[in-house]
Protein chains: 2
Amino acid sequence: MGQDTARTGRKPRADGLRNREKLLSAAREVFSAGGPEASLEAVAKRAGVGIGTLYRHFPTREALFQAVYMREADQMVSMAESLGGLPPEEALRTWMRGFIGMVATKKGMLSALAPALDSDCPTFADAADRMRATAGLLLDRGREEGVFRSDISPEEMLRVFVGVCYTRDIEGWRDTVTRMLDIFIDGMTCLPDGR
Amino acid sequence: MGQDTARTGRKPRADGLRNREKLLSAAREVFSAGGPEASLEAVAKRAGVGIGTLYRHFPTREALFQAVYMREADQMVSMAESLGGLPPEEALRTWMRGFIGMVATKKGMLSALAPALDSDCPTFADAADRMRATAGLLLDRGREEGVFRSDISPEEMLRVFVGVCYTRDIEGWRDTVTRMLDIFIDGMTCLPDGR
DNA sequence: CTTTATACGGAGGGTGCCTCCGTTTATCAA
DNA sequence: TTGATAAACGGAGGCACCCTCCGTATAAAG
């Protein structure tokens, strides 16, 4: 849509913005119900919009994912900010649980997050950066106090979170995944006696 | 193919067996080159066989994956057996490295392994069982000696291995993944002082 | 009310999935 | 050998989805 809006200084068209919103909420519904590989044509239909319109707004499936779940990424960021009071390890574990909870409801999120970590599209690379920065903050705080080992980067930690969460679709998914990541964090902590 | 071979006691047809082999090696090549979502029609073509023949031998994409990578699963099993001499923790870490090495070359393997863990098709559930049993063996040995904690099942550990490996396609993938899983195993070990 | 930049919609060409069934062929028994 | 028959073959065809392209519609600006 407004690829030249900036160039000509015109106001963005109202119908364009409206359709964008319709598409986003349709996508949210469709991906929730049908999983992340639901058909894009179904999304367009649900939004009451032509398939061409969908593609103009979101040139790739991933672009749509990322737009849909950007909000969630922001929630993760602001949640981390509210964790400032806790001791680092507890903060990280709490954040990790929040992450899992987020994934638990929004099944499409992983499909958005994983590629977002590599994305070079500026808009979304930005969201990914905020996530990375957030994770980095939690890690650094712990490192300063000598709680976490230092041979792991924020990005790597995020990738592990994402990877372990991929294991979906089993009874007791949430408990299992939480336990697994708790074990991982155990491994990340330096013990008082030097490890 | 031989759905009634057993019933009528006829020898299985030679061309059937031949085509099965041709399909398997074609699949191996095509999946190596084009990734796990390469087209099945390409596989059939490469094997010099009709698409119908492919589907008769392997009714689903997963069935084909699993058949292709069954061999690799067996290698993992027999590798574990050769690790009997090592102390449990070292054995597990070595096996884990072997696992990563396997995934590093056969990119399609993950797509086979993950669903195989849930599969109810008897033939392949069997391969998955052997993997589970193997992992269980490594774990149990360690538990007896009080090296590993006991709140993790073989299956869960495998799922973590698989999940973390999903993080592909980055510079230094192999080192990163190895480091991450080493950290996970650190978390799995009980420290002498009680944790 | 015109002009024009924007956006819309969906037809259409392409690819891949999977099924179905007429044809071919390997095995077996006579 | 030679038929009979079970087993396997192959690819046409129906379907769903992907994505592009372009004629049409319409909101903003003057």
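A, B, ... follow the sequence lines: proteins, then strands. Residue 1 opens every chain. Reckoned from all heavy atoms, side chains included, excluding hydrogens, waters and symmetry mates.
- Dashed line: the shortest gap from a side-chain N or O of A/N19 to OP1 or OP2 of C/dA7 is not under 4.0 Å.
- If you find the closest nucleotide of DNA chain D to A/Y55 and to B/G50, the one lying nearer the 5' end belongs to B/G50.
- The distance from the CZ atom of B/R56 to the CZ atom of B/R20 is 12.5 Å, given to the nearest 0.5 Å.
- The nearest whole Å value for the distance from the CG atom in A/L17 to the P atom in D/dT26 is 18 Å.
- Put simply, B/R10 has no side-chain N or O that comes within less than 4.0 Å of OP1 or OP2 on C/dA26.
- Between the CZ atom of A/F58 and the P atom of C/dC8 there is a distance of 11 Å, rounded to whole Å.
- Atom CZ in A/R61 sits roughly 7 Å away from atom P in D/dC19 (whole-Å rounding).
- By the criterion of side-chain heavy atoms lying less than 4.5 angstrom apart, applied directly or through intervening Ile, Leu, Val, Met, Phe, Trp or Tyr residues, B/L137 is not grouped with B/F161; the two fall into different hydrophobic clusters.
- B/R13 contributes a side-chain N or O that forms a donor-acceptor pair with the base of D/dA7 under 3.5 Å.
- In this structure, A/K22 atom NZ and C/dA7 atom P are separated by 15 Å, rounded to whole Å.
- Between A/F58 and A/F65, the ring centre distance reaches or exceeds 6.0 Å.
- Donor-acceptor pairing under 3.5 Å, judged by distance alone, is absent between the side chain of A/E37 and the base of D/dC17.
- Atom C1' of nucleotide D/dA25 and atom CG of A/D15 are separated by 10 Å, given to the nearest angstrom.
- The residue among B/G52 and A/I51 whose nearest nucleotide of DNA chain C is located toward the 5' end is A/I51.
- Applying the 4.0 Å criterion to OP1 and OP2 of D/dA8, one finds that B/H57 has every side-chain N and O outside that range.
- Atom pair B/L40:CG and C/dT19:P shows a separation of 12 Å (rounding to whole Å applied).
- For the pair B/A14 and B/T60, both in contact range of DNA chain C, the more 5′-proximal nearest nucleotide belongs to B/T60.
- Within the model, atoms CG of B/L24 and CE of B/M70 stand 9.5 Å from one another, a figure rounded to the nearest 0.5 Å.
- Residue B/T53 is classed as a base contact, given a heavy-atom separation below 4.0 Å to a base.
- Out of D/dG11, C/dG9, D/dC18, the shortest distance to the side chain of A/V49 is found at C/dG9.
- Side-chain atoms of A/R56 and base atoms of D/dT20 include no donor and acceptor less than 3.5 Å apart.
- Taking the nucleotide of DNA chain D with the nearest heavy atom to each of A/S39 and A/P59, the more 5' of the two is matched to A/S39.
- For the residue pair A/M79 and A/W95, the shortest heavy atom distance occurs at CE-CA, 3.9 Å.
- We find that CG of A/L23 is positioned 12 Å from C1' of C/dA7, with the value rounded to whole Å.
- Listed nucleotides: D/dA28, D/dC19, C/dC18. Nearest to the side chain of B/E41: C/dC18.
- The structure places CE of B/M157 at 5.5 Å from CE of B/M188, a figure rounded to the nearest 0.5 Å.
- Taking atom NZ of residue A/K11 and atom C1' of nucleotide D/dA28, one finds them 8 Å apart after rounding to whole Å.
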